[in-house]
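Encoded as structure tokens, the structure appears first; notes follow it.
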Amino acid sequence: MSSDRGLQPLWSGDAIACDEAVQGLSELYSPDRSDESHVYDIVDALVEMDKISDDQRDEIRHRQKSNPLRDGADMVAEAGWANVTDIVAAKAKVYNMEFRQISPEDVDHAAFGRLDIDYIRDSYMCPIAQEDDTLVVATSDPGNIFTIEDVKRRTQMAVRTVVCSREDIEAVCDSFNVGEKVDYNLDDIISDMTDVEVVQDEEEESEDLERMAGQSPVIKFVNYVISNAIREGASDIHIEPREKSMKTRYRIDGVLFEMMKSPLKMHPAIVSRIKIMANLDISERRLPQDGKISVIVGGRGIDLRVSTLPTSHGEKVVIRVLDSKSILRGLDQLGMEPDVMQTFAEQVVLPHGIMLVTGPTGSGKSTTLYSALSQMDGEKLNISTVEDPVEYELDFCNQVQANDKIGLTFAAALRSLLRQDPDVIMLGEIRDNETARIAVQAALTGHLVLSTLHTNDAASSVTRLVNIGIDAYLIAASLNAVLAQRLVRRVCPKCKEPYEAPDNIRKYMELARAGDAQLFHGKGCDQCRGSGYLGRVGIYELLIVDDKFRDIINNDPSVSNMRRTFHESGSKSLFDDGMIKVSQGLTTVEEVLRVTEVYGKNEDEEFFENVD
């Protein structure tokens, strides 16, 4: 009892005074506050920049509560609510730094040379200018103060930091490094090669060509052609013999440009040199041959796929440039509109079904599929591909090279893959009944199948599968979505200018309900080779196979019926998405009409009116 009485004075005071004391303490600290404070971050900055909404921010915060280790910016990018540029700009805002989009043309060579290029690649600290005694350094990681201090120590200069994307820094490094490799004088090389004569004796010709192919001028010329093509961003190199000359052309942004003409007598030695590099038979000039070359340019490995074809004036050689850096992109870098990207991202994480990407050759289908695969967790999923050929080596999946000569067809490889406990299967192309049938069976038995199909638009893909021989009810049960795409050339940013389009162009904008938009084009400059275009961007249409589409597939899967239903659903067509890119100043109406085919014809105006 005495002990209880000893405690009593502590609690027997005025109740009001006690309440006031508790209230005072709660103002200093409250362990249960509904409005929990947090550090200002990229998500908050994106809201202030009007790049995401308050609801989207709240959704990110809710997800972070269940997964606190995940970065909010990564969640925003995965959801497709903001692109890389917006996120990097928001990062600059968080650190109260200047944001810049840099290109190789913006970088001062003397400033860039103050740091080793390997250090720049590893640290993502890129010197871009020198202002008096201050070095301006672009970085993708402004919070890394230790590296910034290291740059000061290495350069012995004061440093002012601006923020840019990693992709911009990599592009600068690639450009500077490739530029250093190409130090040949082309006129001198051609002059040296014109003194080389080809022996006409057939018995000695092969041996003589091999000797010529190993001579310095020939090696320099081939090295120049390849490295210069990579620096120019070419996807293909065409070496073509003509009656009196040899023409070399690069395919840049989907269009061929003639780069040089050389004496025809150089052609046999050049072709032989390329054949030796690709391990082909230099003595065989009557049959087509295919090979592969692996080279290192600008510090990165690049594969070259070589194809030779006999023509009336000699062998034509086409070299496909396969740069894995250019194909491994995030979904936010493909140019999809946010709503399309978000829906597409949701489709590629489904547990089973078929996702098709359609379009003609060179429309970026492989890039889209690889980008989708790169979003998946290769550590937890068994991801396998069947390709013909395997153009890009990926370290997060198992790749199978199809080979019809030994019976390893798409169908045979796919059948074997199904015994390998796969989660996700990527097929290079569905081209026959057997492959399509096995793909459908795989989708129906719990696998996600990604593949390509050659059709003009998304709606005609269903009809194509029916024509291949797949039953409509199987297509309806297995197909999840179809993405159709094209690549259009971007307006060159250096010579971009507004212009008044003629009536015959403006009417297409009115059809797309964007008649008041300001139009831009490139007037032509050295950077874009006078074309007015530099780079490419994708245009897309996405068909989601819902219950309504499944009923139509089962009843009447004709092209006209599928297209009508697609437009009635309110989904954007290739033409619509192209016109959005036009209104954003990314491309021109002419480019959209060039790649969307039927959408550019006058007789389709009535179709658009009927859709309204």
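These numbers were taken from a predicted model, which means no experiment stands behind them.
Closest of all the heavy-atom pairs between S294 and D303 is OG-OD1, 2.9 Å.
Between R61 and D41 there is a salt bridge, since at least one side-chain N of the basic residue sits less than 4.0 Å from a carboxylate O of the acidic one. With respect to E170 and R166, no salt bridge is recorded, no charged nitrogen being found less than 4.0 Å from a carboxylate O. Using a 4.0 Å cut-off between charged side-chain N and carboxylate O, E284 and R286 make a salt bridge. Using a 4.0 Å cut-off between charged nitrogen and carboxylate oxygen, K316 and E240 count as a salt-bridge pair. Using a cut-off of 4.0 Å between Lys/Arg side-chain N and Asp/Glu carboxylate O, R320 and D236 are scored as salt-bridged.
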request  = Apply side-chain hydrogen bond (donor to acceptor under 3.5 Å, both in side chains) to the pair S283 and D281, showing each step before the final yes or no.
outcome  = CA-CA 5 Å; S283 64; D281 184 359; 2.6 Å; yes
message = Run the side chain to side chain contact (heavy atoms under 4.5 Å, CB included) test on M579 and D577 for me, step by step, so that the C-alpha distance in whole Å, both residues' side-chain angles and the decisive distance to 0.1 Å come before the verdict.
response = CA-CA 5 Å; M579 290 300 108; D577 193 44; over 6 Å; no
query = Would E387 and Q399 count as a side chain to side chain contact (heavy atoms under 4.5 Å, CB included) if you check the C-alpha gap in whole Å, the side-chain angles of each, and the deciding distance to 0.1 Å?
reply = CA-CA 7 Å; E387 306 168 65; Q399 295 174 275; 3.0 Å; yes
Please set out all donor-acceptor pairs under 3.5 angstrom arising from side-chain atoms of residues 354-363, sequence neighbours excluded.
residue	atom	partner	partner atom	Å
T358	OG1	T455	OG1	3.4
S363	OG	P360	O	2.7

Name each donor-acceptor pair under 3.5 Å that joins a side chain in residues 420-431 to protein atoms two or more places apart or in another chain, with its distance.
residue	atom	partner	partner atom	Å
D423	OD2	N382	N	2.8
E429	OE1	R431	NH2	3.4

Anything under 3.5 Å between a donor and an acceptor, one on a side chain of residues 335-342, the other on a protein residue two or more places apart or in another chain? List them.
residue	atom	partner	partner atom	Å
E337	OE2	K581	NZ	3.3
D339	OD2	K572	NZ	3.1
Q342	OE1	W81	NE1	3.4

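For N561, the side-chain hydrogen bond (donor to acceptor under 3.5 Å, both in side chains) partners are D556, not counting sequence neighbours. Looking at residues two or more places apart in sequence or on another chain, you find no salt bridge (charged side-chain N to carboxylate O under 4.0 Å, His left out) involving R464. Under the side-chain hydrogen bond (donor to acceptor under 3.5 Å, both in side chains) criterion, Q289 pairs with no residue, sequence neighbours left out.
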